[in-house]
Chemist: 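Here's a structure for you.
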There are 2 protein chains.
Amino acid sequence: MRTGGAVTLIDVAKAAGVSKTTASDALRGSGRVSESTRSHVVRTAQRLGYAPNPSARSLRGAGTGAVGLHVPDILARSEYYMSFLLGVVDEAAAVDHDVTLITARHLSPRGTLRRVDGVVLADPLSTDPVVAELMRADAPVVTCERFTGGTAPAGAVLGDHREALWRLLDRLRSAGARRPVLMAPNAATDWGATLQRAFRDHCRETGTGGVLHELPFGVPPAEVRARVKELLAADPAVDALLCGPDGSAQAALPAVYEAGRTPGADLLLAACVDAAGLAQSAPPVTAVDLHPREAGAACARLLFDLLSGTAPPGTVRRMECTLVERASTRELRRPA
Amino acid sequence: MRTGGAVTLIDVAKAAGVSKTTASDALRGSGRVSESTRSHVVRTAQRLGYAPNPSARSLRGAGTGAVGLHVPDILARSEYYMSFLLGVVDEAAAVDHDVTLITARHLSPRGTLRRVDGVVLADPLSTDPVVAELMRADAPVVTCERFTGGTAPAGAVLGDHREALWRLLDRLRSAGARRPVLMAPNAATDWGATLQRAFRDHCRETGTGGVLHELPFGVPPAEVRARVKELLAADPAVDALLCGPDGSAQAALPAVYEAGRTPGADLLLAACVDAAGLAQSAPPVTAVDLHPREAGAACARLLFDLLSGTAPPGTVRRMECTLVERASTRELRRPA
DNA sequence: ATGAAAGCGCTAACAT
DNA sequence: ATGTTAGCGCTTTCAT
């Protein structure tokens, strides 16, 4: 595209019988031209099928018209991440911006970010080299959850994970659980660290003998499964299983059955990340809905506010997470 | 970024004591400059942290350095699509290109594509307006699977879905199934249409009384579940269930149990799209691995070959799909 | 083997 | 209210 017969601003200006500047101003509605010429130019542009050349525009000094989104490999299978991505795209499109994907291979060899005005990072791993690189670059960064690696991003959107987990743990306790296990996400993310802390605090406050079992990021389902069976075999008193990382609950469910336990009956089961499958499994699994699409949108919105100066650097915005109660945590029935 | 102190070609040229042109040629290795000056300029550029400005480059006439990828909303939950996307990004990054996400809201109001040299479409729905728009634009399009909407794309990557389904149906038959049901993906995609055709043909050739049940795209799990139960109740003779759309097998599994049937025993179960969960469910579910990441990479590679003229317009490339046999199709045991 | 200069399409000063 | 001009950083003739 764009090569060959592309219609330029000059074409429009000539056809409308005005100057480049007037055409430009008319098209962007800068309020410099009279209403009559404006509409005339706009109509001409439409008739000619004019589309502004973004490269020229960005070369001239405006932004690049695109924001970056880091896509860590680990998250390839994460339903959460796909929704998050759509949220970012939604919001970017609303202000006529592109979304450019950034992966490990995508950093320019010379270490400079290409073609983006800013970057959104979902759940940045403090150990991810791409993240480190991105934080070092001079484009503003908005993270979903805090970045635990030192440098502070220009903005952040934070979920109330502590509160959500607290509510969930309260629920488990009132359903009868006394020995919950948290298969906690790695503390390399703020989310994982928050969950671990909240779990410990809740156990202490309620005098519960909870067990914390950390799961590195990107554990394959088979591994989750093996760990669950191991855990349950090693400690038969466990009466509630909380699955942290996205997808781990789906992997844990069959393992629970295989361990001879019945989720929702003699073992309560819950997930820290809701997913479509959890509502449909047998039994349906209680989960925290992180509202990923809205989270993505919120991050993008914050980034644009930062870029336009509407929000000051360092802005932090909050988001609510929702506890979705399903059959898997209804009530604990102790074996006779 | 890029604003403020960005190092430009002129800076490098000055620092190296050569002209803009020489610097440019040296950095791109156009073979115009002597080896000694070339290495000198390159070193200078490195020292200064120079990164070429893509906007300027693309303004000057080269491509935009980015390819588009259409992300239909429907696919938000598709593991397949997320992997496909990573494949595209991999390949694009390998030739130093960006990947720009395109959604419904993203088409410029004037119908012209922005900032991309070409577009990749995974499994284009003939009914998707964005797809129609994209096909109409003048950027080359590569589709994964055929586009059934009339216009031919510049290139296509095709899986051997007919063969794969055939193998699967053979397997089911030799495992004892005589009344298979295909919950077929909508015929609005080439993939869906191919699967439906293959199923009908196989049934005819083997004299099997198969049932075709079309599932529109993006059916929520609850709906899949309801349909499965309905199907199984209405026709108790059904002894094999084939799930088409990504995710439908996961939704179907609990429904099968609820219908009083035992998958892998008195009902064979299989999926047309493999997913992480299927290997871990109880029982593990036989599926066709579409190799999404490689498919994405293949599409991107084809697009770049098209853009560079290495491949002629109209090129079609093939990909193999793999049948992954698991416990759910081992052998049919008819109830006594 | 290297330079000089012309522009790609656009916007922002500076004029009217 | 509108027109003129000067670049943004780069590649590409055309000269040396």
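Within every chain, numbering begins at 1; the chains are lettered A, B, ... in the order of the sequence lines, protein sequences first and strands thereafter.
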Chemist: Rounded to whole angstrom units, what separation is found between the NZ atom of B/Lys20 and the P atom of C/dA4?
Modeler: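 In whole Å, C/dA4 P lies 10 Å from B/Lys20 NZ.
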
Chemist: Within the side chain of B/Thr143, is there an N or O that forms a donor-acceptor pair under 3.5 Å with the backbone of B/Ala156?
Modeler: no

Chemist: Which whole-number value in Å describes the distance from A/Lys14 NZ to D/dT4 P?
Modeler: 13 Å

Chemist: Report the distance from atom CG of B/Asn53 to atom C1' of D/dG7, rounded to the nearest whole Å.
Modeler: 14 Å

Chemist: Compare side-chain N and O positions of B/Thr22 against OP1 and OP2 of C/dT2 and report whether any pair is under 4.0 Å apart.
Modeler: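 Result: no.
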
Chemist: Testing the basics here: between A/Pro140 and A/Asp117, what is the closest heavy-atom pair and its distance to 0.1 Å?
Modeler: CD-O, 3.2 Å

Chemist: What is the distance, to the nearest angstrom, from the CD atom on A/Glu35 to the C1' atom on D/dT2?
Modeler: 16 Å

Chemist: So how far off straight is the helix from C/dA1-D/dT16 to C/dT16-D/dA1, going by the axes through five pairs at either end, to 10°?
Modeler: 40°

Chemist: If every non-hydrogen atom of A/Phe304 is compared with every non-hydrogen atom of A/Glu91, which pair is closest and at what distance?
Modeler: CE1-O, 4.1 Å

Chemist: Among D/dT12, C/dT11, D/dT2, which nucleotide sits nearest the side chain of B/Thr21?
Modeler: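 Closest nucleotide among those given: D/dT12.
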
Chemist: Atom CG of A/Asp11 to atom P of C/dG9: distance rounded to whole Å?
Modeler: 8 Å

Chemist: Go through the steps to decide whether B/Thr151 and B/Arg136 satisfy the test side chain to side chain contact (heavy atoms under 4.5 Å, CB included), and finish with yes or no.
Modeler: CA-CA 8 Å; B/Thr151 349; B/Arg136 202 174 312 132; over 6 Å; no

Chemist: To the nearest Å, how far apart are A/Leu48 CG and C/dG9 P?
Modeler: 14 Å

Chemist: Of B/Asp25 and B/Ala56, whose nearest nucleotide on DNA chain C comes first from the 5' end?
Modeler: B/Asp25

Chemist: Below the 4.0 Å mark, does D/dT2 have OP1 or OP2 next to a side-chain nitrogen or oxygen of A/Thr37?
Modeler: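 So the side chain of A/Thr37 is within the cut-off, an N or O lying under 4.0 Å from OP1 or OP2 of D/dT2.
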
Chemist: Apply the test side chain to side chain contact (heavy atoms under 4.5 Å, CB included) to residues A/Met82 and B/Val71: give CA-CA distance (whole Å), side-chain angles for both, the deciding distance (0.1 Å), then the verdict.
Modeler: CA-CA 10 Å; A/Met82 192 77 194; B/Val71 185; 4.1 Å; yes

Chemist: Show me the pairs that pass side-chain hydrogen bond (donor to acceptor under 3.5 Å, both in side chains) and involve residues 13-23 of chain B, at least two apart or across chains.
Modeler: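 For residues 13-23 of chain B, and leaving out neighbouring residues, the side-chain hydrogen bond (donor to acceptor under 3.5 Å, both in side chains) pairs sorted by first residue read B/Ser19-B/Thr22.
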
Chemist: Roughly, in whole Å, what's the span from CG in B/Leu27 to P in D/dG9?
Modeler: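 So the CG-P distance, B/Leu27 to D/dG9, works out to 16 Å.
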
Chemist: How close or far is atom C1' of C/dT11 from atom CZ of A/Arg60, stated in whole angstroms?
Modeler: 5 Å

Chemist: Would you say C/dA4 has OP1 or OP2 under 4.0 Å from some side-chain N or O of B/Ser19?
Modeler: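 For B/Ser19, the contact criterion (side-chain N or O under 4.0 Å from OP1 or OP2 of C/dA4) is not met.
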
Chemist: Using a 4.0 Å heavy-atom cut-off, does A/Arg28 contact any base of the nucleic acid, only the sugar-phosphate backbone, or nothing at all?
Modeler: sugar-phosphate

Chemist: Do you see a donor-acceptor pair shorter than 3.5 Å between the side chains of B/Asp246 and B/Ser78?
Modeler: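 There is such a pair between these side chains.
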
Chemist: Please evaluate the base of C/dT11 for a donor-acceptor partner in the side chain of A/Arg57 within a cut-off of under 3.5 Å?
Modeler: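 It does not, because no donor-acceptor pair links the side chain of A/Arg57 to the base of C/dT11 below 3.5 Å.
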
Chemist: Quick one: does A/Ser34 reach the base of D/dT2 with a side-chain donor-acceptor pair under 3.5 Å?
Modeler: no

